[in-house]
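A quick write-up on the structure given underneath.
In this chain, residues are counted from 1 in sequence order.
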Amino acid sequence: QVQLVESGGGSVQAGGSLRLSCTASGSAFSSLCVAWFRQPPGKEREGVAAIRGTVGVVLYYADSVKGRFTISRDNAKNTVYLQMNSLQPEDTAMYYCATRTTCAGYWKDPSRFGDWGKGTQVTVSS
């Protein structure tokens with residue numbers, strides 16, 4: 001089991017930036033796929049980005065955030081980051097990080113992820 005804690009959310013004006021952090025406990029963290037999901041008010045949870053474990057570095061992004069968001073990880077700190085630039089009101093959501101063994105074929109599917117953080121709220125105003 002992995003314990004996950006998100007941080008870095010807040011309120012920002014359109015065009016601004018935020019950096020989210022997902023910090024984990026557990027020695028197996030470096031080998032895991034870590035993904036960010038978000039759930040806007042009244043809508044279903046959707047995949048945002050994911051990063052593969054220590055065997056190679058493969059990044060995945062939803063089309064809606066490509067060119068604006070960047071996912072990265074620092075395994076020495078057991079942390080995955082989501083740098084969010086050029087934020088827009090449609091990015092407003094609760095953001096969650098989650099883990100599973102592999103990313104390929106599953107990174108957009110929240111039902112395939114077992115360990116979840118409690119989320120951090122991101123609010124973007126016009």
(request) Output the distance between atom CG (N78) and atom SG (C22), rounded to the nearest 0.5 Å. (result) 10.0 Å
(request) For residues G47 and A62, report the shortest heavy-atom separation together with the two atoms involved. (result) O-CB, 3.5 Å
(message) If we ignore hydrogens and angles and just use 3.5 Å, is the side chain of R73 paired with the main-chain N or O of R52 as donor and acceptor?
(response) yes
(message) Could you walk me through whether Y96 and L4 satisfy the side-chain contact (heavy atoms from CB on, under 4.5 Å) test, starting with their C-alpha distance in whole Å, then the side-chain angles of each, then the deciding distance to 0.1 Å, before giving a yes or no?
(response) CA-CA 9 Å; Y96 302 88; L4 303 171; over 6 Å; no
(request) Please work out whether the ring planes of W116 and F37 are parallel, tilted or perpendicular, with thresholds of 30° and 60°. (result) tilted
(request) Establish, from distance only, whether the side-chain atoms of T23 and T79 form a donor-acceptor pair under 3.5 Å. (result) yes
(message) Within the 4.5 Å heavy-atom criterion, are R100 and T102 side-chain neighbours or not?
(response) yes
(request) Going by the side-chain contact (heavy atoms from CB on, under 4.5 Å) test, name the single residue among V122, V12, T70 that passes it with M84. (result) V122
(request) Would you mind reporting whether V80 and F29 have side-chain heavy atoms less than 4.5 Å apart? (result) yes
(message) Are F69 and L59 connected into the same hydrophobic cluster when the rule is that any two of I, L, V, M, F, W, Y join if their side-chain heavy atoms are below 4.5 Å apart?
(response) yes
(request) Grab the two heavy atoms, one from E46 and one from P40, that are nearest each other, plus how far apart they are. (result) OE2-CG, 4.4 Å
(request) Output yes when a side-chain donor or acceptor of E6 lies under 3.5 Å from a complementary backbone atom of L20, and no otherwise. (result) no
(request) Using a cut-off of 6.0 Å, state whether more than 12 heavy atoms not belonging to E90 lie near its atom CD. (result) yes
(request) Kindly compute the distance separating OG (S21) from CG (L82), expressed to the nearest 0.5 Å. (result) 9.5 Å
(request) Spell out, yes or no, whether W36 and Y81 are grouped together once hydrophobic residues are joined by side-chain heavy atoms under 4.5 Å, including indirect joins. (result) no
(message) Between R38 and S64, is there a side-chain heavy-atom distance shorter than 4.5 Å?
(response) yes
(message) Ignoring hydrogens, what is the shortest heavy-atom contact between T92 and P41? Give both atom names and the distance.
(response) O-CD, 3.9 Å
(message) I want to check something: taking the side chain as every heavy atom from C-beta on, are D115 and Q3 in contact at a cut-off of under 4.5 Å?
(response) no
(message) I'd like to know if the side chain of Y61 reaches the main chain of I71, judged simply by a donor and an acceptor atom lying under 3.5 Å from each other, with no hydrogens or angles considered.
(response) yes
(request) Please name the pair of heavy atoms, one in V48 and one in Y95, separated by the smallest distance, quoted to 0.1 Å. (result) CG2-CE2, 4.4 Å
(message) Is there a path of hydrophobic side-chain contacts, each under 4.5 Å between heavy atoms, that joins M94 and F113?
(response) yes
(request) Check C103 against A50 and note the closest heavy-atom contact, atom names and distance. (result) SG-CB, 4.0 Å
(message) Strictly distance-based, threshold 3.5 Å: is any side-chain N or O of E44 a donor or acceptor partner for the main-chain N or O of Q39?
(response) no
